[in-house]
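Single-structure report; data block below.
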Amino acid sequence: MGRMTKIAGTLALLLAALAGAAGAQDARGKLEVRLTANGEPAAGTVEIFPSQGGPSAYAGPTGTPVELPAAVYDVKVTLTDAIDHPTRSRGGIEVTVGNDRTVHIDFQVGRVTLLCRKDGEALDAEISLRRPGSSNWLPAVHCGVPFLVSGGTYEADVTPLDSLTGVQAGPLQIMSGTTQRLAIDL
């Protein structure tokens, strides 16, 4: 009987150790990534990766608490409220068991309203922007409608709503972290 008791005791310890190891693997915490543009809440997406490498642990909208195994993570965020969808990365974010972690990432972008005029009269037009030398146009915006975009120099293609052809305009200098009303005279 003594030998059987020792074996049973050893098995009980082994099972307890295995259960503890399994519990440690299931230990989770929460990580939430919040975005702002010029300090104001903004929409975006986030991808969360283990810092040691490997596939994405989460991909989806920002502002959503995500349950993750306790570990260190890197995040890549995209500001979808801006027409050029700028990205930022931050690494070394530790998620610990039973704790909620919130990371705040702010983008400094220009809040721009383009004011289109022809012969001194307001003009309704669709405007496409691109960086000088780029072949890629950003999604179109409209005169008089504010939008967010990264700071820098842009050229514009302005197409009045009553026309099929655009007129080149620019350069436009957009400042990060500011609100600008820029006139485009055709």
Side-chain angles (χ1 to χ4, degrees), residues 30-49 55-66 73-93 100-186:
K30 286 185 182 177
L31 175 61
E32 180 180 354
V33 178
R34 294 185 186 165
L35 290 188
T36 53
N38 303 336
E40 298 292 323
T45 59
V46 62
E47 240 183 312
I48 302 173
F49 300 93
S56 172
Y58 172 81
T62 57
T64 303
V66 179
Y73 293 92
D74 299 336
V75 297
K76 179 181 177 185
V77 294
T78 301
L79 179 63
T80 57
D81 273 354
I83 64 170
D84 60 331
H85 296 165
T87 62
R88 285 236 171 105
S89 296
R90 184 175 296 171
I93 301 166
D100 294 350
R101 177 86 190 262
T102 302
V103 174
H104 298 271
I105 298 178
D106 184 57
F107 285 82
Q108 292 295 302
V109 292
R111 180 176 303 279
V112 181
T113 304
L114 298 174
L115 306 172
C116 306
R117 294 185 291 230
K118 184 174 184 180
D119 300 326
E121 300 277 327
L123 177 68
D124 198 6
E126 184 175 273
I127 305 160
S128 295
L129 299 174
R130 70 178 175 190
R131 300 279 187 166
S134 174
S135 60
N136 297 325
W137 292 93
L138 297 175
V141 296
H142 288 271
C143 298
V145 179
F147 62 94
L148 298 176
V149 68
S150 297
T153 302
Y154 292 88
E155 56 189 30
D157 182 66
V158 183
T159 306
L161 293 185
D162 61 356
S163 175
L164 295 176
T165 58
V167 177
Q168 298 293 308
L172 301 174
Q173 187 61 45
I174 296 175
M175 307 298 288
S176 293
T178 65
T179 298
Q180 293 175 276
R181 295 173 61 84
L182 300 174
I184 297 178
D185 290 309
L186 301 180

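We use all heavy atoms of the structure for the numbers below, so side chains are in, but hydrogens, waters and symmetry mates are not. Residue numbers run from 1 in the order of the sequence given.
- Arg34 is linked by a salt bridge (Lys or Arg N to Asp or Glu O under 4.0 Å) to Glu32, counting only residues two or more places apart in sequence or in another chain.
- Contact check for Leu148 versus Ile83: no side-chain heavy atoms found under the 4.5 Å cut-off.
- Counting only residues at least two apart or in different chains, disulfide (SG to SG under 2.5 Å) contacts with residues 146-186 are absent.
- In this view, Tyr73 satisfies the side chain to side chain donor-acceptor pair (under 3.5 Å) rule with no residue, not counting sequence neighbours.
- Separation of atoms CG (Leu161) and NE2 (His142) is listed at 6.5 Å; rounding is to 0.5 Å.
- Minimum heavy-atom separation, Leu79 to Ala37: CD2-CB, 4.2 Å.
- For the pair Leu31/Tyr58, no side-chain contact is recorded, criterion being any heavy-atom separation below 4.5 Å from C-beta on.
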What side-chain donor-acceptor pairs closer than 3.5 Å can you find for residues 108-128, not counting sequence neighbours?
residue, atom, partner, partner atom, Å
Gln108, NE2, Asp106, OD2, 2.5
Arg117, NE, Asp185, OD1, 3.0

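- Taking CG from Leu186 and OG from Ser163, the interatomic distance works out to 10.0 Å, rounded to the nearest 0.5 Å.
- Listed by first then second residue, pairs satisfying salt bridge (Lys or Arg N to Asp or Glu O under 4.0 Å) with a partner in residues 157-180 number zero, not counting sequence neighbours.
- Within the structure, every pair that satisfies the side chain to side chain donor-acceptor pair (under 3.5 Å) test and touches residues 84-93, not counting sequence neighbours, is listed here: Asp84-Ser150.
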Next item on the list: Give the C-alpha distance, both sets of side-chain angles, the deciding distance and a yes or no for side chain to side chain contact (heavy atoms under 4.5 Å, CB included) between Leu138 and Tyr154.
Entry: CA-CA 10 Å; Leu138 297 175; Tyr154 292 88; 3.9 Å; yes

Margin query: The test is side chain to side chain contact (heavy atoms under 4.5 Å, CB included); show your working for Thr45 and Thr80 and say whether it passes.
Written below: CA-CA 7 Å; Thr45 59; Thr80 57; 4.1 Å; yes

Notebook entry, point to check: side chain to side chain contact (heavy atoms under 4.5 Å, CB included) between Phe107 and Val77: does it pass, once the steps are laid out?
Noted result: CA-CA 10 Å; Phe107 285 82; Val77 294; 3.9 Å; yes

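- Among residue pairs with one or both ends in residues 131-147, none qualify as salt bridge (Lys or Arg N to Asp or Glu O under 4.0 Å); sequence neighbours excluded.
- Evaluation of the salt bridge (Lys or Arg N to Asp or Glu O under 4.0 Å) rule for Arg130 yields Glu155 as partners, not counting sequence neighbours.
- Taking each heavy atom of Ile184 and Ala169 in turn, the nearest pair found is CG2-CB, 3.8 Å.
- In terms of heavy-atom proximity, Asp81 sits nearest to Ala43 at OD2-N, 2.9 Å.
- Residues in residues 157-186 take part in no disulfide (SG to SG under 2.5 Å) pair, two or more places apart or across chains.
- Looking at Ser134, its side chain does come within 3.5 Å of a backbone N or O of Asn136 through a donor-acceptor pair.
- For the atom pair NZ (Lys76) and CD1 (Ile105), the distance works out to 12.5 Å, reported to the nearest 0.5 Å.
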With a 3.5 Å cut-off and sequence neighbours excluded, list the donor-acceptor pairs that the side chains of residues 171-178 form with protein atoms.
residue, atom, partner, partner atom, Å
Gln173, OE1, Thr153, OG1, 2.6
Ser176, OG, Gly151, N, 3.3
Thr178, OG1, Met175, O, 2.9

